[in-house]
Amino acid sequence: MNTYRRGWTLRRRVLALLAVVGVLLIGLAVAEAVVAAKNRAYTDALLTRTGPLRVQGQEMLNALLDQETGIRGYAVSGNRADLAPYEQGVQQERDVAATIADLSRDYPAIAGALRTAQQQADDWRRTVAEPVITTTASSGTAAGQALITAQARQQFDEIRASVGDLQTAILTEREKGARDIERTGNMLVMLLIVAAVVVVLAGTLMLLSLERMVIRPLTGLAQQVREVAAGDYQHHIAGSGPPEFLRLADDVDVMRQKIAKDLAEVRAARENIEWVNSQLQKQAEELTRSNRDLEQFAYVASHDLQEPLRKVASFCQLLQRRYAGQLDERADQYIAFAVDGAQRMQRLINDLLAFSRIGRLTTGFVDVDLNKVMGDVASQTEPGRQYADAELTWGELPVIRGEEPLLTNLLVNLVSNSVKFRRPDVAPKVRVSARLVGDEWEITCQDNGIGIEAEFADKIFVIFQRLHAKDAYPGTGIGLAIVKKIVEYHGGRVWVDTDQAEGTAIRFTLPARPEDVEAAKAAAEADAAAAAGDTDAPADAESPAATDDAAPGPVGETADETGPAARPTPVGRQPDGTQDEDPPGGPPGHGTTGGTKERVG
C-alpha cells in the first residue's frame with residue numbers, strides 16, 4: 001500500500017514492465033533483422049550466382065571439347081561442314097565466358113581463373129586450331145593432321161586443367177557461401193531462443209504481479225458483489241489494492257445504491273414488456289392468417305380465371321380458323337392479337353399459381369440425387385434443346401435433402417433460361433456443376449449466352465421483372481423468381497456471378513448432409529497428411545504419384561472444388577436444329593429451352 005501511496009499505480013507498473021520488455025524485444029528484433037538480411041544475401045548469392053556458375057563452368061568445358069572435336073574431324077575429312085562444332089563451340093565459349101564474368105564480379109579468384117582459361121584457349125586457337133584449318137584447306141588432310149601433335153594435345157590438356165581450376169574456385173566460393181548461411185542461421189536460432197527466454201521471464205513476472213495486484217483485490221471485490229447480488233442491497237462495498245481498484249469499488253457501491261432505487265422501475269418495465277410481447281404475438285398470428293388468406297386468394301383467383309380465359313382463347317382460335325382470309329387484313333391481325341394475349345395470360349396465371357404453391361403444398365424433405373434430377377431435366381428440355389442445337393452437360397452432383405419436384409423445376413428453369421437467352425450465332429452450351437463450400441453445396445449453371453449486366457444481377461430475381469421485350473425473348477418474367485423462392489425454401493441463397501468474361505453463371509447453395517461434410521473433412525485431412533508425408537521425401541526423388549497429381553483435371557472443373565470431380569462423357573445427340581428461330585408451332589413451353597447434345601460425367 002505504501003507503493004500505491006507513492007504513486008505506483010497498476011497502470012504505471014504494467015507500463016514500466018512492458019517498456020523494459022519492449023526495449024529488449026525491439027533490440028532482439030533489430031539484431032534478427034540484420035542477421036536475417038545477411039542470411040538472405042548469402043542465400044541469394046548461393047542460388048543466383050555460385051550455383052549457376054557451376055553450370056556455366058561445365059558449359060565452358062563442353063564448348064572447348066566441341067572445338068577440339070571439330071578441329072580433329074575437319075583435319076581427318078577436310079569437309080568444311082565438320083567445322084560446325086568448332087565454330088559453335090567458339091561462340092558458346094564467348095557467351096559462357098561473358099556470363100561467368102558477370103556472375104563473378106564479387107569473386108576475384110573465379111575471375112582470375114576465368115581469364116587464365118580464356119587466355120590459354122585463345123593461344124590454342126591461334127597456335128593449333130587456326131593453323132590446322134588453314135593447312136587442311138590449302139594442303140590437304142595429311143598436312144592438317146600432321147599439325148595435331150602431342151604438344152598440341154598437351155596444350156589442350158592444360159586448357160582443361162585451367163577450366164578445372166575455374167570449377168574448383170567456383171566450388172570453393174559455393175562452400176564458403178554455404179558456411180556463411182549456416183553461421184547466420186545458427187545466429188538467428190540463438191536470437192530466437194533469447195527472445196523466447198525474455199518473453200517467458202516477462203510472462204512469469206507479469207503473472208506474479210497480476211496475482212498480487214489484480215487477482216486478490218478483484219476476488220475480494222467480487223465476493224462483496226455476490227453478497228449484493230444475493231439480495232443484500234444495504235451491504236457497503238469497500239475496495240483494496242491499487243488506486244484504480246479503490247475507485248472501482250466506490251463506483252460499484254454507487255451502482256448498488258442506484259439498483260435499489262431502480263427496482264420499482266424495473267418491475268414496471270417488465271410488466272410493460274410482457275404486454276408488448278402479447279401484442280406482438282397477436283400481430284404475428286394475424287399476419288399468418290393474412291398470408292394464408294392471400295395464398296388461398298391466389299389459388300382461387302387463378303382457377304377462377306382459367307375458365308373465362310380458356311373460353312376467350314377457344315373462341316378466338318375458332319374465329320381465326322373459320323374466318324381467316326374472309327375478313328380484311330386488319331381483322332385477322334386483331335384476332336391474332338386476341339389469341340396471343342389469351343395464351344400469354346394463361347401462361348402467366350399458371351406461373352403465378354406455381355409460384356404461390358412453393359412451400360405451401362409440401363411433400364416433405366427426402367434424400368434427392370441431383371444426378372437423377374438432371375436426367376429428368378434433360379428429358380423435359382429435350383424438345384427445345386433439339387431445336388436450338390444446345391449442349392447440356394453436368395458433373396457428378398451430390399445427394400441433398402429436399403423436395404424432388406421443386407428441385408427439378410428449379411434446374412429446368414435455369415437450363416431453359418440458359419438456352420433461351422442464347423447468342424444467335426453461337427450454339428448454346430450449358431454446364432451444371434457442384435462443389436462443397438463449408439457445410440453447403442454450391443451449384444452452378446453456366447452458359448455461353450448473352451450474359452447479364454452487373455447492374456441487373458439482383459433485378460432478374462424479382463417477380464415479373466424482364467430485361468428484354470417479350471418479342472425478343474418469350475416468357476412471363478417469373479421463372480427466376482420461382483428459382484429464388486425454391487432455393488430459399490430449401491435454406492439456400494441464389495445469385496449471379498458477375499465476374500464471368502462470357503455468358504452467365506447463376507450460382508445457388510443448398511445445405512449439405514452432415515455425412516457429406518464429415519466425409520469431405522476426412523478427405524481433406526487425409527490429403528493434408530499425404531502432403532506432409534510427401535514433404536519428408538528427398539527433394540530430388542521423382543514420385544509417380546506426384547506426377548499423376550499434376551495431371552490436368554476435367555475441362556470446366558476448378559482445382560479448388562471439394563465436390564466430386566466431373567468427367568463429362570457424351571450420352572446422346574439428336575438431329576440438329578436451327579439456332580435463331582423459335583421451334584415450329586410457337587415458342588417453347590414454359591421451363592424448357594431445348595438442346596441437341598447431352599453429356600454427363
Side-chain angles (χ1 to χ4, degrees), residues 32-73 83-126 128-129 155-189 531 534-544 546-547 549-551:
E32 290 176 359
V34 172
V35 176
K38 291 183 178 180
N39 184 271
R40 184 166 56 251
Y42 293 146
T43 304
D44 291 341
L46 182 66
L47 295 178
T48 62
R49 303 184 72 174
T50 57
L53 277 172
R54 293 192 64 187
V55 178
Q56 295 299 322
Q58 184 62 40
E59 290 292 333
M60 188 170 186
L61 179 59
N62 294 337
L64 292 170
L65 292 175
D66 289 342
Q67 294 178 43
E68 185 194 25
T69 302
I71 291 299
R72 289 181 179 274
L83 280 177
Y86 170 77
E87 295 171 350
Q88 293 173 359
V90 171
Q91 182 61 40
Q92 183 180 3
E93 177 193 346
R94 293 172 181 171
D95 295 339
V96 171
T99 302
I100 294 176
D102 181 62
L103 293 173
S104 62
R105 288 193 303 270
D106 297 333
Y107 305 108
I110 298 177
L114 174 64
R115 286 192 295 270
T116 300
Q118 285 184 294
Q119 182 62 40
Q120 291 178 349
D122 292 339
D123 293 343
W124 176 79
R125 283 191 292 270
R126 186 178 66 255
V128 177
Q155 186 177 358
F156 189 81
D157 290 339
E158 292 175 355
I159 297 175
R160 297 179 65 175
S162 297
V163 175
D165 294 339
L166 173 63
Q167 291 178 325
T168 301
I170 293 173
L171 183 60
T172 301
E173 293 294 339
R174 186 175 182 275
E175 291 175 350
K176 180 182 176 182
R179 288 194 299 270
D180 290 337
I181 292 174
E182 182 179 4
R183 176 173 53 82
T184 53
N186 292 334
M187 291 180 62
L188 278 175
V189 172
D534 293 341
T535 304
D536 296 337
D540 57 350
E542 295 183 0
S543 171
T547 304
D549 291 341

ask   = Do Leu83 and Ile71 have side chains that get closer than 4.5 Å, going by heavy atoms?
value = yes
key: CA sep, side-chain torsions, deciding dist, call: Val55, Gln58, side chain to side chain contact (heavy atoms under 4.5 Å, CB included)   = CA-CA 5 Å; Val55 178; Gln58 184 62 40; 5.9 Å; no
query = Looking only at heavy atoms, what is the nearest atom pair of Thr184 and Val35, with distance?
reply = O-CG1, 3.3 Å
key: Heavy-atom pair with the smallest gap, counting every atom of Ile110 and Ser104   = CG2-CB, 3.7 Å
Minimum-distance pair of heavy atoms, taken over all atoms of Val163 and Gly57 = CG1-O, 3.9 Å
request  = Go through the steps to decide whether Arg160 and Leu65 satisfy the test side chain to side chain contact (heavy atoms under 4.5 Å, CB included), and finish with yes or no.
outcome  = CA-CA 9 Å; Arg160 297 179 65 175; Leu65 292 175; 4.2 Å; yes
query = Do Asp123 and Gln119 have a side chain donor and acceptor closer than 3.5 Å?
reply = yes
message = Taking ring pair (Phe, Tyr, Trp, His ring centres under 6.0 Å) as the definition, give me every residue that meets it alongside Phe156, ordered by chain and number, with sequence neighbours left out.
response = Trp124
message = Run the side chain to side chain contact (heavy atoms under 4.5 Å, CB included) test on Leu166 and Ile100 for me, step by step, so that the C-alpha distance in whole Å, both residues' side-chain angles and the decisive distance to 0.1 Å come before the verdict.
response = CA-CA 10 Å; Leu166 173 63; Ile100 294 176; 4.2 Å; yes
ask   = Tell me the salt bridge (charged side-chain N to carboxylate O under 4.0 Å, His left out) pairs involving residues 163-175, sequence neighbours left out?
value = none
note = Quick note, salt bridge (charged side-chain N to carboxylate O under 4.0 Å, His left out) partners involving residues 88-100, not counting sequence neighbours, are Glu93-Arg125
ask   = How long is the span from the CD1 atom in Ile159 to the CG atom in Leu64, to the nearest 0.5 Å?
value = 6.0 Å
query = Ignoring hydrogens and geometry, is there a side-chain-to-backbone donor-acceptor pair from Gln92 to Ala63 under 3.5 Å?
reply = no
task = Decide side chain to side chain contact (heavy atoms under 4.5 Å, CB included) for Met60 and Leu114; before the verdict, give the C-alpha distance in whole Å, the side-chain angles of both, and the deciding distance to 0.1 Å.
result = CA-CA 10 Å; Met60 188 170 186; Leu114 174 64; 3.8 Å; yes
message = With a 3.5 Å distance limit and no angle check, can you tell me whether Asp66 reaches the backbone of Tyr86 through a side-chain donor-acceptor pair?
response = no
Test item: Gln120 and Thr116 side chains (from C-beta on) under 4.5 Å apart, heavy atoms = yes
